[in-house]
Novice: 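Have a look at this one before I ask anything.
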Amino acid sequence: MTARKFRITANQVTVARLIPMPLLSWWVYQNTASHFWSALVIGTIVGSTDFVDGWMARRQGPTVLGGLLDPIADKVFVAFAYVPFADMGMIPAWACALMFVREFLVTALRSAA
């Protein structure tokens, strides 16, 4: 009997990227320096995993689920990153809205191509 080797897939990385996002927003809403820096550091790491799951998908081969999950995870990340700042008045609401328009236009262009 051979031992099965545990393998992390790009889809698992994408789902794992979604899990800490509400925590990041909560930290921003706490409005303390330590929470802000925690959100910045963890948010940067979470944002970097987009590169990792893309690399893994190219290496392991893309999946239909991954093709659906990755753009959704990107939009959720932008929402959880920008909405608290706009809500608290740290950035203008129009800038947050512009980021959403850009995200949806990029998704539409990718879908068309």
Side-chain angles (χ1 to χ4, degrees):
M1 189 183 228
T2 61
R4 288 182 56 169
K5 192 174 181 183
F6 180 72
R7 186 174 128 188
I8 297 174
T9 66
N11 291 346
Q12 290 169 330
V13 174
T14 301
V15 170
R17 182 166 38 134
L18 288 167
I19 294 169
M21 289 184 197
L23 179 64
L24 298 176
S25 288
W26 182 78
W27 277 338
V28 171
Y29 276 117
Q30 296 310 301
N31 208 15
T32 64
S34 64
H35 284 108
F36 176 79
W37 286 107
S38 298
L40 183 65
V41 169
I42 301 300
T44 301
I45 293 168
V46 168
S48 299
T49 62
D50 187 34
F51 169 78
V52 173
D53 71 24
W55 174 78
M56 291 175 76
R58 285 187 297 277
R59 193 170 145 243
Q60 299 169 353
T63 64
V64 174
L65 179 62
L68 295 171
L69 274 180
D70 190 57
I72 291 170
D74 292 343
K75 305 308 171 273
V76 170
F77 181 74
V78 169
F80 276 108
Y82 282 93
V83 169
F85 291 119
D87 186 40
M88 296 172 69
M90 294 178 174
I91 63 169
W94 63 264
C96 183
L98 191 62
M99 288 301 296
F100 281 111
V101 169
R102 180 212 170 267
E103 286 292 324
F104 286 111
L105 285 175
V106 167
T107 300
L109 288 172
R110 282 185 181 168
S111 297

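Numbering of residues begins at 1 and proceeds along the displayed sequence. This is a predicted model, so every value here is computed, not measured.
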Novice: With sequence neighbours left out, write down each residue that passes side-chain contact (heavy atoms from CB on, under 4.5 Å) with Ala93, or none if nothing qualifies.
Specialist: none

Novice: In Å, rounded to the nearest 0.5 Å, how long is the span from OG1 of Thr9 to CG of Asn11?
Specialist: 5.0 Å

Novice: So, for Cys96 and Tyr82, which heavy atoms are closest and what is the spacing to 0.1 Å?
Specialist: SG-CB, 3.8 Å

Novice: Please check if Leu68 and Val15 belong to a single hydrophobic cluster, counting links between Ile, Leu, Val, Met, Phe, Trp and Tyr side chain heavy atoms closer than 4.5 Å.
Specialist: no

Novice: Which residues pass the side-chain contact (heavy atoms from CB on, under 4.5 Å) test with Val106, sequence neighbours left out?
Specialist: Arg102, Arg110

Novice: Which donor-acceptor pairs under 3.5 Å do the side chains of residues 50-57 make with protein atoms, sequence neighbours left out?
Specialist:
from: Asp50; atom 1: OD1; to: Arg17; atom 2: NH1; distance (Å): 3.4
from: Asp53; atom 1: OD2; to: Thr14; atom 2: OG1; distance (Å): 2.8
from: Asp53; atom 1: OD2; to: Arg17; atom 2: NH2; distance (Å): 2.8

Novice: Kindly list each side-chain donor-acceptor pair under 3.5 angstrom involving residues 40-49, sequence neighbours excluded, with atom names and distances?
Specialist:
from: Thr44; atom 1: OG1; to: Leu40; atom 2: O; distance (Å): 2.7
from: Ser48; atom 1: OG; to: Thr44; atom 2: O; distance (Å): 2.8
from: Thr49; atom 1: OG1; to: Val46; atom 2: O; distance (Å): 2.5

Novice: Does Leu69 share a hydrophobic cluster with Met21, counting links as ILVMFWY side-chain heavy atoms below 4.5 Å and allowing steps through other members?
Specialist: no

Novice: Can you tell if the side chain of Val28 reaches within under 4.5 Å of the side chain of Phe80, non-hydrogen atoms only?
Specialist: no

Novice: Can you find a pair of side-chain heavy atoms, one from Val78 and one from Lys75, that are under 4.5 Å apart?
Specialist: no

Novice: Are Met99 and Ile91 linked, directly or through intermediate hydrophobic residues, by side-chain heavy-atom contacts shorter than 4.5 Å (ILVMFWY only)?
Specialist: yes

Novice: Say you draw a straight line from CH2 of Trp37 to CH2 of Trp27; how long is it, rounded to the nearest 0.5 Å?
Specialist: 14.5 Å

Novice: Checking Pro92 now: which residues fulfil side-chain contact (heavy atoms from CB on, under 4.5 Å) with it, not counting sequence neighbours?
Specialist: Trp94, Ala95

Novice: What distance separates Ile72 CD1 from Leu18 CG, expressed to the nearest 0.5 Å?
Specialist: 8.5 Å

Novice: Which atom names give the shortest non-hydrogen contact between Pro71 and Gly67, and what distance separates them?
Specialist: CD-O, 3.1 Å

Novice: Without hydrogens or angle criteria, can the side chains of His35 and Ser38 be said to hold a donor-acceptor pair below 3.5 Å?
Specialist: no

Novice: Quick one: does any side-chain atom of Gln60 pair with a main-chain N or O of Ile8 as donor and acceptor, under 3.5 Å?
Specialist: yes

Novice: Which residues pass the side-chain contact (heavy atoms from CB on, under 4.5 Å) test with Met90, sequence neighbours left out?
Specialist: Asn31, Phe85, Met88

